[in-house]
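Values below: every heavy atom of this structure, side chains too, minus hydrogens, waters and symmetry copies. Index from 1, following the sequence. Counting convention: from 1, in listed order, for ligands and their atoms alike.
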Amino acid sequence: MENVQRLVVKIGTSSLIHPNGKINLQAIDQLSYTLTGLVNEGKQVILVSSGAIGVGMGQLGLTKRPREIQAQQALASIGQSELMTVYQQRFAVYGQKISQILLTHDVLDFPESREHVHHTMEQLLEWGVIPVVNENDTVAVDELDHRTRFGDNDQLSAIVATRSNADLLVMLSDIDGFYTKNPHKFADAKLIDVLHEITEDSVRRAGGAGTELGTGGMVTKLKAAQSILANNKMMVLANGANPSIIFKIMNNEPIGTLFVSAQKDEDKEVI
Ligand SMILES: Nc1ncnc2c1ncn2[C@@H]1O[C@H](COP(=O)(O)OP(=O)(O)O)[C@@H](O)[C@H]1O
Ligand SMILES: N[C@@H](CCC(=O)OP(=O)(O)O)C(=O)O
């Protein structure tokens, strides 16, 4: 981890919102403190944050995610600006500048707009700013040819990490890592500490989302890990209840599940 210079941190809705629908200010505060600490150490950090729909639901006092697309998109529109206000306030306490980047699939498919995103991102990182990335939920819809949706932020974070050539993706969720089976259903599930490849067996062990607010569950996290491994980068899946856990990860403490190619792992042992 000492060689990690650029990292992407993804935080899921379940780590940002309490089960009662209120924003988890402690998690956001710790995240701001931790990511600012990493920037102050000279690292470049990109945050991929979910939570727009969840925060929007909290603002309107809804406890069940509506099924209608237009309601979800309107909630994201309410929640995204509130979420950014909270991030802005919390990061400002630590003197850290942040920015907002909202993406859709077609923006990254189209070479010219992809270039613009790339240059903007590089400029922000060079200035020591933390870009806060989310899907542009209000315009993102499922289409066949003209793709606009990423589907979920697990995959968005993997795309951002590979496109920005980040060394590490830290994925913060409401669970300690990837288990042999869903620990919310099976008491004998065991934490897997290192995984070198995503096999059919791993996919069989992954289940869906754990809460009303979570979307992809473990399946989309494994898909993200698969594209990270294909690009010979690393991913750590860890519990976001206390985001300062990232300091421990950067300190090489055995936290969560590390996804790393067998080759990279061997190199580490030689060093
Ligand atoms: N094999 C597994 N190991 C760990 N968690 C699993 C597994 N299979 C399914 N899950 C579920 O995936 C959930 C995490 O995904 P999700 O609810 O989408 O969170 P997030 O909002 O952080 O993206 C866990 O809380 C758990 O219920
Ligand atoms: N763009 C959506 C996030 C969708 C999503 O992937 O959520 P999660 O499974 O909590 O990471 C939002 O901000 O609500």
Under 3.5 Å, sequence neighbours excluded: what are the donor-acceptor pairs made by side chains of residues 224-232?
residue: S227; atom: OG; partner: A224; partner atom: O; Å: 3.2
residue: N231; atom: ND2; partner: S227; partner atom: O; Å: 2.8
residue: N232; atom: OD1; partner: S261; partner atom: OG; Å: 3.1

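Residue S173 comes nearest to N239 through the heavy atom pair O-OD1, 3.4 Å, listed as atom of the first residue, atom of the second, then distance.
Side chains of N153 and N134: a donor on one and an acceptor on the other come within 3.5 Å.
The shortest N or O to N or O distance between S14 and ligand 2 is not under 3.5 Å. Checked by distance only, ligand 2 and A52 come closer than 3.5 Å through their nitrogen or oxygen atoms. An N or O contact shorter than 3.5 Å links I53 to ligand 2 by distance. Considering backbone and side-chain N/O of D154, none are found under 3.5 Å from N/O of ligand 1. Polar contact with ligand 2: absent for D154 (N/O pair, distance under 3.5 Å). At under 3.5 Å, not a single nitrogen or oxygen of D152, backbone or side chain, sits near a nitrogen or oxygen of ligand 2. On a distance-only criterion, Q80 and ligand 2 share no N/O pair closer than 3.5 Å. Ligand 2 has no N or O atom lying under 3.5 Å from any N or O atom of E135, backbone or side chain. Checked by distance only, ligand 2 and G51 come closer than 3.5 Å through their nitrogen or oxygen atoms. Of the N or O atoms in T180, none lie within a sub-3.5 Å distance of an N or O in ligand 1.
Remark: ligand 1 atoms within the under-4.0 Å shell around heavy atoms of K10 are 23 (O). Against a heavy-atom cut-off of under 4.0 Å, A206 is close to the following atoms of ligand 1: 8 (N). The contact set between ligand 1 and T13, taken as ligand atoms under 4.0 Å from a residue heavy atom, comprises 21 (O). The ligand atoms of ligand 1 that sit less than 4.0 angstrom from a heavy atom of P183 are 3 (N), 4 (C), 5 (N).
By the 4.0 Å heavy-atom criterion, K221 is counted among the residues contacting ligand 1. Ligand 1 lies nowhere less than 4.0 angstrom from a heavy atom belonging to G240.
Between R6 and D167 there is no salt bridge, since no side-chain N of the basic residue sits under 4.0 Å from a carboxylate O of the acidic one. With respect to the salt-bridge test (charged N to carboxylate O, under 4.0 angstrom), the residues K181 and D188 qualify.
Contacts between N134 and ligand 2 below 4.0 angstrom, taking non-hydrogen atoms only, involve the side chain exclusively. When non-hydrogen atoms are compared, ligand 2 lies under 4.0 Å from the side chain of K10 (C-beta onward) but not from its backbone. Contact annotation for S14 and ligand 1: heavy atoms of both the backbone and the side chain come within less than 4.0 Å of the ligand. When non-hydrogen atoms are compared, ligand 1 lies under 4.0 Å from the backbone of K181 (N, CA, C, O) but not from its side chain. Counting heavy atoms closer than 4.0 Å to ligand 1, residue S15 contributes nothing at all. Of all the heavy atoms of R205, the ones lying under 4.0 Å from any atom of ligand 1 belong exclusively to the backbone.
Of the listed residues (S202, S173, G12), the one carrying the non-hydrogen atom nearest atom 19 (O) of ligand 1 is S173.
In the hydrophobic clustering of this structure, L102 does not group with I98; members are Ile, Leu, Val, Met, Phe, Trp, Tyr whose side-chain heavy atoms approach within less than 4.5 Å, directly or through other members.
Checked against D201 for a side chain to side chain contact (heavy atoms under 4.5 Å, CB included), the options T199, V203, I198 give a single hit: T199.
In this structure, the side chain of S15 does not engage the main chain of I11 through any donor-acceptor pair within 3.5 Å. S157 places no side-chain N or O within donor-acceptor distance of the main-chain N or O of K10, the cut-off being under 3.5 Å.
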